[in-house]
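Just so we're clear, the structure is a prediction, and the values are computed from it rather than from any experiment.
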Amino acid sequence: SMGLAPIVVKTIFRTLREIAAEGTTVLLVEQNARAALRLASRAYVLDTGAITAEGPSEALLRDPRLLASYLGTE
């Protein structure tokens, strides 16, 4: 989503949510961690090519390490 107009990003994420709701598996690679975790049911966090965290997205959204490193405060 980097570099895209906000309205385009909203449309893309809405479409991805609809596709996933229909039962299709979606593999999403996204630098906007908060948006990706809100969409995904499961996530893997990569840092310089290595998996540094994985699990249910809801849990990762509450993980103190990820909050500090990738998500900031809301």
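When atom types are taken as modelled, the side chain of Glu30 and the backbone of Asn32 share a donor-acceptor pair closer than 3.5 angstrom.
Residues satisfying the salt bridge (Lys or Arg N to Asp or Glu O under 4.0 Å) test with Arg14, not counting sequence neighbours, are none. Glu54 pairs by the salt bridge (Lys or Arg N to Asp or Glu O under 4.0 Å) definition with Arg42, not counting sequence neighbours. Residues that satisfy the side chain to side chain donor-acceptor pair (under 3.5 Å) test with Glu18, not counting sequence neighbours, are absent from this structure. Judged as a salt bridge (Lys or Arg N to Asp or Glu O under 4.0 Å), and not counting sequence neighbours, the contacts of Arg65 are Asp63.
Phe13 belongs to a hydrophobic cluster whose remaining members, ordered by chain and number, are Leu4, Ile7, Val8, Val9, Ile12, Leu16, Ile19, Val26, Leu28, Leu39; membership requires side-chain heavy atoms of ILVMFWY residues under 4.5 Å apart, directly or through intermediates. Alongside Leu46, the hydrophobic cluster contains Tyr44, Ile51 (criterion: ILVMFWY side chains under 4.5 Å).
With contacts defined as side-chain heavy-atom distances shorter than 4.5 Å, the pair Arg38/Ser57 does not qualify.
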